[in-house]
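Labels below follow one simple rule: chain letters A, B, ... track the order of the sequence lines, proteins then strands, and each chain is numbered from 1. What's counted below: heavy atoms across the whole structure, side chains too, no hydrogens, waters or symmetry copies.
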Amino acid sequence: MPEISKSYEPRDVEAKWYAAWQEAKCFSAPTPAPGQEHYTIVIPPPNVTGILHMGHVLNNTLQDALIRRARLEGKAACWIPGTDHAGIATQTMVEKHLKKTEGKGRRDLGREEFLKRVWAWRGEKGDHILKQLRELGCSCDWDRTHFTMDPGYSRAVLTSFIKLFDQGHIYRGKRMVNWCPVSLTALSDEEVEMKPTKGHIYRLRYELVEPSTTTDAEGNTLPLTHLVLETTRPETIAADVAVAVHPDDPRYTHLVGKKVWRPLGERIQIPIIADKAVDPAFAAGALKVTPAHDKVDFEIGQRHGLPVIDSINADGTMNELAGPELAGLERFAARKKAAEILEQRGNLIEAKPYENNVGYSQRAGVPIEPRLTQQWWLRYPRVEEAKAVVRDGLIRMHPERWSKVYLNWLENIQDWCISRQLWWGHRIPVWYAKGVDREKLTEADLRDPKKIHVSLDGPADPENWVQEDDVLDTWASSWLWPFATLGWPDAEAQAKANFSHFYPTTTLATGADIIFFWVARMIMAGLEFAAPGASIEQRIPFKHVYFNGIVRDKQGRKMSKTLGNSPDPLDLIQKYGADGLRFGLLQIAPLGQDVKFDEDRIESGKNFCNKLWNACRFRQMSGPMSDNSSLAAILARIDAKQLDDDDHALLAALLEVQALLEKCFADFEFAAATQGLYTFFYSDFCDWYVEVAKARFAEPAARDHVLAVQDLVIRQFLLLFEPFAPFITEELWSLLGYVGSSLADDRARVGADENRHSQANALQANLPRFIQDARIGTAEDLRGALAERNVHLDTAAAGRVAKLKATVTLARQLKADKAVAQKRDVLFSVVAEDATWTALDSASAKFTRLAGAASLARAASAPALPAIVTPLGTLYLDTGVKVDAAAERARLTKELEAVKKHIAGTEARLGNESFTSKAPPAVLEGARKQLADQQAKRAELERLLAALG
RNA sequence: GGACGCUUAGCUCAGUUGGUUAGAGCACCUCGCUUACACCGAGGGUGUCGGGGGUUCGAGUCCCUCAGCGUCCA
């Protein structure tokens with residue numbers, strides 16, 4: 001048995017075990033045995049060229065905890081890793097790099113050459129993050145690693161497009177889209193972020209072609225030469241095709257059908273029209289209608305058959321239709337220029353500072369431009385089913401409130417713009433017959449195989465066709481993730497990946513920020529594609545969605561590169577160990593609430609690991625290691641005759657924490673789980689049991705028994721802790737000789753391990769066996785196993801131990817108060833009734849050891865010494881120093897006041913008739929007992945004070 | 001404008017279906033290197049549970065309302 005070193009050094013341990021796990025293929029998903037439950041997780045695929053940040057650490061630690069716990073519970077665990085090609089993000093990165101190093105744009109290279117460069121970039125920078133996840137200890141089945149641009153996955157993406165196209169869910173249309181002038185592509189509504197933006201609003205006069213009149217408040221008729229309207233975008237005036245007013249607005253009804261002069265661009269007359277979309281309360285109640293540059297205006301234009309004048313180029317510069325003064329200018333420069341011209345011409349009444357919501361491209365960070373373009377659109381499939389599965393609880397979201405957000409989005413769902421004007425991505429599998437004008441294709445043309453070809457492999461006569469240039473939105477590939485990673489749609493690949501066992505997946509752990517982007521769409525895709533014709537339960541992509549919080553900095557700000565407030569997880573692993581980082585982070589990650597990152601907590605995680613390490617080290621030093629090779633072997637070493645209150649209390653606490661962990665995993669309560677483990681190990685085990693055990697070691701008969709209890713508790717604790725801290729637990733498991741699982745465990749596992757070494761072979765070959773090969777069992781299993789060994793836990797023991805603990809604490813308090821806290825040779829005596837004295841006397845060795853005293857004696861009468869009232873009698877401390885009566889009086893009086901206050905409160909409650917008649921008996925009884933205890937304490941304190949004179 | 005979340009010790013947060021004197025970690029103060037651990041041990045202080053109102057024998061917990069902060073959707 002190698003000796004355990006003085007402190008835990010994570011680095012070597014981590015590297016050693018991760019290599020061993022991989023060598024033994026520990027994380028390979030086994031083929032489930034008949035009746036064996038499966039537990040599947042698909043990783044939210046990070047960007048292929050991304051690097052690990054704190055959000056990933058939290059998200060993946062949670063997944064690893066879930067999957068490792070599932071393994072210990074004997075489930076067939078499968079965690080599928082992989083990466084996302086991240087269309088816009090990756091393409092932008094490579095374009096920037098290209099510009100910097102070669103001074104070229106993608107069009108200078110051409111599509112084919114550019115894609116070569118992106119693949120090279122991916123080869124060089126890609127998959128780093130997967131290596132980093134190994135540092136963190138993640139137990140993914142790496143042989144199942146997927147990438148959304150892999151050949152197999154790409155076929156899945158194209159297949160889904162074709163299926164949806166064939167069913168009429170996909171169409172092509174010229175519509176208003178969110179255009180990003182930097183990335184030069186359309187975006188979906190979800191990729192647009194609304195941000196309040198400071199700018200100006202321009203109050204303008206549009207001159208009437210024929211002057212008219214109006215009526216003021218007093219009924220006087222006044223001349224009217226122009227209309228007043230306000231706009232934030234004067235640069236688009238040349239694209240105005242009308243001015244609209246509300247049909248019921250009495251100020252303007254008589255003007256509808258008349259004309260105004262357009263103040264910019266070619267000097268032409270544009271009509272005044274009436275449309276209900278106009279808000280009469282906004283500004284002067286008139287709206288300039290610019291169908292090419294605003295969604296609402298476009299719809300007004302459609303309703304009134306107005307022309308569309310597109311005055312802005314794809315890159316956000318103005319074209320000649322914006323007028324000679326603005327042509328060529330960038331859109332914001334053009335805005336300024338337009339205002340200047342309007343002012344010169346007398347059309348500008350005033351420019352006021354103004355803040356409104358502007359849509360920004362999430363990726364490029366610039367305002368999007370509403371733009372009329374040809375795009376591919378998807379009418380979502382299975383919308384109603386997608387609502388039903390969440391509403392009916394087939395898919396449960398944690399915390400549950402996100403269901404509402406999800407359902408609300410589905411209620412207001414809009415068609416999805418799935419085409420992107422990028423090159424990096426899945427090129428849309430549509431070919432146009434040569435000579436066909438793509439701009440003028442009708443819905444019927446789309447279904448005409450002479451004009452449009454849609455297939456996986458393209459037309460048989462490619463020379464007569466031209467493929468669509470656009471690629472699909474990245475999310476139109478990742479929405480297939482839960483089943484495309486299990487081989488879909490290829491039957492052979494699905495069989496090989498064990499699709500039928502591992503789908504539906506069990507839990508998806510992700511951030512709520514992608515509930516629409518990803519979660520909702522995966523649900524629809526799963527229902528549509530994963531298992532055609534199967535029941536709805538078999539088609540859903542997952543049963544649980546756990547939304548982890550966002551990791552923020554101490555000030556509550558999102559972590560970002562620009563703020564530089566994001567620590568590098570690898571530095572933290574270096575400093576605190578992967579286990580310390582994992583445990584510390586989960587301690588501060590409440591269910592679905594954002595996490596304020598605090599490095600102190602990570603340090604406390606590390607310290608806890610060190611505490612565990614040393615407790616195990618002490619166990620090793622306390623006596624020879626005996627047979628720890630199975631649960632049964634350890635239980636056989638426990639001597640029921642030797643059980644004392646502390647054993648009972650500790651084992652009861654162990655069962656309790658085991659049950660707590662069962663509940664926490666079921667409810668995704670990770671902070672409560674780590675808290676429970678911490679408290680149990682620190683308070684119940686280290687601070688109390690190990691300390692009292694030192695006193696029991698004096699007796700040889702008790703020694704083996706106590707060590708067996710410790711071995712049992714450490715074993716169970718390691719199993720409970722392993723999902724959170726896999727490295728240290730594996731190391732200690734090995735060092736303390738917990739090599740095997742029980743025979744029953746082994747029998748249960750026969751046949752479950754075709755993919756890896758069988759248990760029998762492992763024994764024969766003496767291969768290392770890992771903690772994950774053991775079975776945790778439930779609290780009730782353990783209770784049963786203890787009962788078989790004639791160990792029946794005494795529920796009253798914990799109460800007696802609590803009393804002794806309290807007495808020890810009070811003794812220490814008294815010592816500290818008398819400035820002899822560190823002395824270990826003081827004398828205690830106690831005045832107590834026979835029953836309490838018996839209890840205390842039987843624990844005398846424990847008491848003197850823990851309180852730090854030479855002896856504890858029973859005093860016949862009250863000595864003239866400093867005293868403290870404890871649950872086990874009044875304790876007197878003899879330090880050999882003369883008693884300071886004044887100080888004693890002050891201390892006792894303070895205590896007495898507190899007791900009196902408490903008594904008064906309890907008496908008042910018990911004196912209230914409605915309390916005594918309505919409160920449940922248990923509460924009532926508790927209050928009465930409390931009152932009696934406090935009254936006894938008061939009497940004793942008063943007696944002590946009187947004795948002081 | 002709508003929806004949701006948060007507000008408890010100096011800091012970060014627990015606090016299950018209402019029920020003893022509201023807890024933990026960190027920080028802080030005092031003492032201690034007592035043969036597992038100074039990455040530690042012993043002891044200690046700290047709260048009108050955001051404000052106001054209500055229901056109840058009893059409210060941090062349930063209801064109403066107001067305020068502040070945050071997120072999402074329009």
Side-chain angles (χ1 to χ4, degrees), chain A residues 4 6-9 189-190 193-194 357 399 401-402 404-405 408-409 411-412 512-513 515-516 549-550 552 554 556-558 576-577 580 584 587-622 663 667 669 671-672 674-676 678-679 682-683 686-687 690-691 694 808-817 819-825 849-852 898-899 901-903 905-906 908-920 922-931 933-934:
Chain A
I4 299 180
K6 194 168 173 189
S7 65
Y8 175 56
E9 300 300 337
D189 294 343
E190 286 69 36
E193 251 174 42
M194 300 304 286
N357 267 334
R401 60 186 154 87
W402 289 109
K404 224 171 138 178
V405 176
N408 185 50
W409 184 74
E411 289 296 335
N412 301 295
D513 52 337
I515 187 169
F516 310 136
I550 297 167
R552 299 174 175 278
K554 257 184 148 171
R557 299 173 305 179
K558 242 181 178 168
Y576 303 107
Q587 268 189 294
I588 49 172
L591 180 69
Q593 219 65 263
D594 286 357
V595 180
K596 273 191 205 154
F597 180 75
D598 183 353
E599 198 168 319
D600 284 353
R601 299 303 287 251
I602 309 304
E603 191 178 357
S604 127
K606 177 199 172 194
N607 293 348
F608 183 62
C609 288
N610 195 56
K611 183 77 180 176
L612 169 65
W613 185 260
N614 273 288
C616 291
R617 176 165 172 257
F618 180 64
R619 159 61 191 94
Q620 205 182 43
M621 293 162 69
S622 301
K663 186 183 176 301
D667 299 343
E669 292 268 13
T674 52
Q675 194 58 248
Y678 188 96
T679 306
Y682 243 96
S683 309
C686 293
D687 290 351
V690 170
E691 293 304 319
K694 287 175 182 171
V808 166
T809 301
L810 288 163
R812 286 168 174 166
Q813 224 177 71
L814 186 59
K815 282 177 71 186
D817 191 68
V820 290
Q822 75 284 13
K823 291 189 104 171
R824 305 196 56 81
D825 57 356
R849 176 160 195 111
L850 267 70
V899 171
K901 207 176 144 197
H902 188 200
I903 288 173
T906 314
R909 274 201 306 151
L910 283 166
N912 185 340
E913 196 274 331
S914 38
F915 173 65
T916 49
S917 62
K918 288 182 186 171
V923 173
L924 212 52
E925 196 189 322
R928 290 203 174 108
K929 174 156 189 332
Q930 198 187 113
L931 182 62
D933 288 350
Q934 294 296 314

Practice task
Grab the stems for RNA chain B, please: at least three consecutive Watson-Crick or wobble pairs, both distances below 3.5 Å, written as range with range.
Solution key: B:1-7 with B:67-73, B:10-13 with B:23-26, B:28-32 with B:40-44, B:50-54 with B:62-66
Practice task
Please examine the side chains of A:Asp189 and A:Phe516, heavy atoms only from C-beta on, and report whether any two atoms are closer than 4.5 Å.
Solution key: no
Problem - Side-chain heavy-atom pair A:Lys929, A:Asp933 within 4.5 angstrom cut-off - result: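 Counting from C-beta outward, A:Lys929 and A:Asp933 do come under 4.5 Å.
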Handout entry: Side-chain N,O (A:Gln813) to OP1/OP2 (B:A42) below 4.0 Å
Key =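 So the side-chain polar atoms of A:Gln813 never come under 4.0 Å of the phosphate oxygens OP1 or OP2 of B:A42.
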Practice task
Would you please confirm or rule out a distance under 4.0 Å between OP1 or OP2 of B:C39 and any side-chain N or O of A:Lys6?
Solution key: no
Might you list the N or O atoms of the protein lying below 3.5 Å from N or O atoms in nucleotides 69-74 of chain B, with each pair's distance?
from, atom 1, to, atom 2, distance (Å)
B:A74, N6, A:Asn357, ND2, 2.8

In whole angstrom, give the distance that lies between atom [atom1] of [X] and atom [atom2] of [N].
| X | N | atom1 | atom2 | result |
| --- | --- | --- | --- | --- |
| A:Leu814 | B:G44 | CG | P | 12 Å |
| A:Leu612 | B:C40 | CG | P | 13 Å |
| A:Tyr682 | B:G25 | OH | P | 9 Å |

Minimum-distance nucleotide (side-chain atoms of [X] versus [options]):
| X | options | result |
| --- | --- | --- |
| A:Lys404 | B:C39, B:A3, B:C57 | B:A3 |
| A:Ala919 | B:G19, B:C4, B:G43 | B:G19 |
| A:Phe915 | B:U21, B:C57, B:A36 | B:C57 |

Exercise for the section: Might you point out which heavy atoms bring A:Lys823 and A:Lys815 nearest each other, and give the distance in Å? Expected result: O-NZ, 2.6 Å
Practice task
Any chance you could list the contact pattern along nucleotides 26-33 of chain B? Use B for base contacts, S for sugar-phosphate-only contacts and - for none, protein heavy atoms under 4.0 Å, 5' to 3'.
Solution key: S----SS-
Exercise for the section: Answer yes or no on whether A:Lys611 is positioned over the face of A:Tyr678, meaning its NZ or CZ is under 6.0 Å from the six-membered ring centre and within 45° of the axis. Expected result: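 Ring-cation test returns no.
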